[in-house]
Amino acid sequence: MIENERAKFLRHLAKAGRRVSHGREIIFDEVMRSHGHFTAEELVKECLQKKLKVSRPTVFRVLNDLLEAGIIRETAFGDKHRHFEHVYDEKPHHHAQCIRCHNFIEFPDRKEDKIYHQYLEKQGFKILGHEMHFYGICKDCQLKEV
């Protein structure tokens, strides 16, 4: 499965006229090893801890390459940092985030968005994608209040 994603990434780089650098390979491998959501800064820290020779700008550039190639997707959580997750083994899902501890809960997509898609398409709106996020306070943080 990961090799399919690597091939997809290499095709994207070739089409974009970008070379396959050592830094791109390192970042690709680190992203594929990640599970769940991550930020660019978390990826930079991970590379530093592992003493991988990649710069912060390289991490940001490669994340954009991976986004363009459809290897990862960006998720919007309303805070200052962009969050990413790889998509190759993901089932359609939504997110809920605790506003106190910032932990995420993922829950399955129940296709409830079809109602909105039908409405928007009738309005002539071309849908390219969507995200649904919930914000609240998780069970653990609620227990801390008591």
Side-chain angles (χ1 to χ4, degrees), residues 1-117 120 125-146:
M1 189 73 103
I2 290 175
E3 288 311 311
N4 291 341
E5 295 299 292
R6 186 180 309 278
K8 185 187 212 181
F9 186 48
L10 295 176
R11 282 191 306 274
H12 169 76
L13 292 175
K15 184 177 177 184
R18 296 185 187 115
R19 65 185 187 86
V20 181
S21 67
H22 183 65
R24 282 190 174 100
E25 290 177 346
I26 288 172
I27 300 305
F28 175 86
D29 290 339
E30 287 304 305
V31 166
M32 290 298 108
R33 283 188 199 102
S34 71
H35 298 284
H37 308 101
F38 62 92
T39 66
E41 289 302 326
E42 290 168 344
L43 188 55
V44 167
K45 286 179 189 174
E46 185 73 21
C47 290
L48 285 172
Q49 288 173 349
K50 292 181 177 181
K51 299 186 185 330
L52 300 173
K53 297 191 185 220
V54 292
S55 67
R56 173 180 264 103
T58 297
V59 169
F60 281 84
R61 276 194 304 273
V62 176
L63 286 175
N64 282 328
D65 288 337
L66 293 168
L67 274 170
E68 289 174 7
I71 307 295
I72 60 174
R73 72 179 179 141
E74 184 175 357
T75 57
F77 289 106
D79 55 9
K80 295 181 267 182
H81 307 287
R82 297 166 64 192
H83 292 83
F84 305 95
E85 62 184 345
H86 50 73
V87 296
Y88 77 92
D89 64 350
E90 294 289 332
K91 292 182 174 73
H93 64 278
H94 299 297
H95 302 98
Q97 183 181 30
C98 178
I99 62 170
R100 298 227 173 109
C101 67
H102 304 287
N103 285 334
F104 298 103
I105 297 170
E106 290 187 352
F107 55 97
D109 177 9
R110 303 271 189 233
K111 305 291 182 206
E112 62 279 344
D113 60 305
K114 284 185 179 183
I115 296 166
Y116 302 112
H117 280 238
L120 292 170
F125 188 79
K126 181 179 179 181
I127 300 167
L128 300 176
H130 80 281
E131 292 186 29
M132 185 184 314
H133 299 285
F134 292 86
Y135 300 92
I137 303 169
C138 70
K139 181 171 49 174
D140 292 340
C141 289
Q142 290 177 55
L143 290 173
K144 290 176 187 174
E145 293 176 349
V146 180

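These values consider heavy atoms only, across backbone and side chains, with no hydrogens, waters or symmetry-generated copies.
Distance check, rounded to the nearest 0.5 Å: SG of C47 to CD1 of I27 gives 4.0 Å. To the nearest 0.5 Å, atom NZ of residue K8 and atom CG of residue L66 are 10.5 Å apart. Within the model, atoms CG of L120 and CD1 of I115 stand 12.0 Å from one another, a figure rounded to the nearest 0.5 Å. A distance of 13.0 Å separates NE2 in H12 from CD in E5, rounded to the nearest 0.5 Å. Taking CD1 from I71 and CD1 from I2, the interatomic distance works out to 11.0 Å, rounded to the nearest 0.5 Å. For the atom pair Q97 CD and H102 NE2, the distance stands at 6.5 Å (nearest 0.5 Å).
When all heavy atoms of C98 and C138 are compared, the closest pair comes out as SG-N, 3.4 Å. Taking each heavy atom of G23 and V54 in turn, the nearest pair found is CA-CG1, 3.7 Å.
Proximity of S21 to V62: side-chain heavy atoms (C-beta onward) are nowhere separated by under 4.5 Å. Side-chain contact check for E41 versus F60: some heavy-atom pair is nearer than 4.5 Å. Residues F38 and V31 form a side-chain contact, since some pair of their non-hydrogen atoms from C-beta on lies under 4.5 Å apart. Side-chain contact check for L52 versus E46: every heavy-atom pair is 4.5 Å or farther apart.
Residue L143 qualifies as enclosed at atom CG: its count of foreign heavy atoms under 6.0 Å is above 12. For K50, the NZ atom counts as densely surrounded, since its 6.0 Å shell holds more than 12 non-hydrogen atoms of other residues, nucleotides or ligands.
Applying the salt bridge (charged side-chain N to carboxylate O under 4.0 Å, His left out) rule to pairs touching residues 59-72 yields R18-D65, R18-E68, R24-D65, sequence neighbours excluded. Counting only residues at least two apart or on different chains, the salt bridge (charged side-chain N to carboxylate O under 4.0 Å, His left out) pairs with a member in residues 133-146 are R100-E145.
In this pair, F28 and F9 present their aromatic rings parallel. The plane angle is below 30°, not in the 30 to 60° band.
Ionic pairing of K45 and E42 is not present here: no N-O contact between side-chain nitrogen and carboxylate oxygen is shorter than 4.0 angstrom.
The backbone N or O of V20 sits nowhere less than 3.5 Å from a side-chain atom of E25 that would complete a donor-acceptor pair.
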